[in-house]
Amino acid sequence: MESVKVQDFALCPKFEKTFSFLGKKWNGLIIDVFVEDGPQRFVDLAKKIPEVSDRVLVERIKELTAEGILAKDENLYCLTEKGVDLEKTLSEIKRWSEKWITAEECS
């Protein structure tokens with residue numbers, strides 16, 4: 001019998017770090033609102049994602065700001081250059097979801 005050599009797999013730390021904040025509930029949707037609609041006041045952002053509580057939204061905004069994805073200018077939150085660079089990634093995720101996720105799965 002032939003022996004099969006198994007290669008060691010190591011998760012890329014940068015990939016892991018990225019998914020630690022992008023994969024957190026609500027973060028992708030929050031970023032998407034900024035990609036689609038530009039700078040937002042907190043109250044306007046909260047209206048666009050009504051399912052998330054204000055407490056959680058504040059928490060996620062703080063996390064995304066700490067990651068350098070969002071910044072606050074006066075009373076508006078906006079994407080940083082790093083955040084804007086996620087636009088193509090989100091577009092590809094949307095494309096994939098349109099192809100593979102059914103409406104029934106969203107109910």
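Excluded from the calculations below are hydrogen atoms, water molecules and symmetry mates; all remaining heavy atoms, backbone and side chain alike, are included.
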Original post:
Do you know which two heavy atoms are closest between C106 and I101, and how far apart they sit?
Top reply: SG-CG2, 3.9 Å
**OP:** Check L76 against P39 and note the closest heavy-atom contact, atom names and distance.
**Re:** CD1-CB, 4.1 Å
Distance check, rounded to the nearest 0.5 Å: [X] atom [atom1] versus [Y] atom [atom2]?
X   : Y   : atom1 : atom2 : value
L11 : E16 : CG    : CD    : 4.5 Å
F42 : N75 : CZ    : CG    : 12.5 Å
L45 : D54 : CG    : CG    : 10.0 Å

**OP:** Just jot down the salt bridge (Lys or Arg N to Asp or Glu O under 4.0 Å) partners of D85, sequence neighbours excluded, or say none.
**Re:** none
**OP:** Could you list the residues that satisfy salt bridge (Lys or Arg N to Asp or Glu O under 4.0 Å) with E67, not counting sequence neighbours?
**Re:** K17
Original post:
Is there a chain of hydrophobic side chains (I, L, V, M, F, W, Y, each step under 4.5 Å between heavy atoms) that links L29 to Y77?
Top reply: yes
Subject >> Joint hydrophobic cluster, L22 plus V56, side-chain heavy atoms closer than 4.5 Å >> reply: yes
**OP:** Return the set of residues passing ring-ring contact (aromatic ring centres under 6.0 Å, His included) with F9 (not counting sequence neighbours), or none when no residue passes.
**Re:** none
Subject >> Partners passing ring-ring contact (aromatic ring centres under 6.0 Å, His included) against F19 (at least two apart in sequence or in another chain) >> reply: F15
Original post:
With distance as the sole test, does T80 use its side chain to make a donor-acceptor pair with the main-chain N or O of G68 at under 3.5 Å?
Top reply: yes
Apply side-chain hydrogen bond (donor to acceptor under 3.5 Å, both in side chains) to [X] and list each qualifying residue two or more places apart in sequence or on a separate chain.
X    : value
E51  : none
E87  : none
E105 : T102
E74  : none

**OP:** Sorted by first residue and then second, give each side-chain hydrogen bond (donor to acceptor under 3.5 Å, both in side chains) pair with at least one member in residues 22-36; sequence neighbours left out.
**Re:** K24-E63, D32-K94, E36-K94
Under the side-chain contact (heavy atoms from CB on, under 4.5 Å) rule, collect the residues that match up with [X], sequence neighbours excluded.
X   : result
K48 : V33, D37, Q40
R95 : E92
L79 : I31, F34, V35, I69, L70, V84

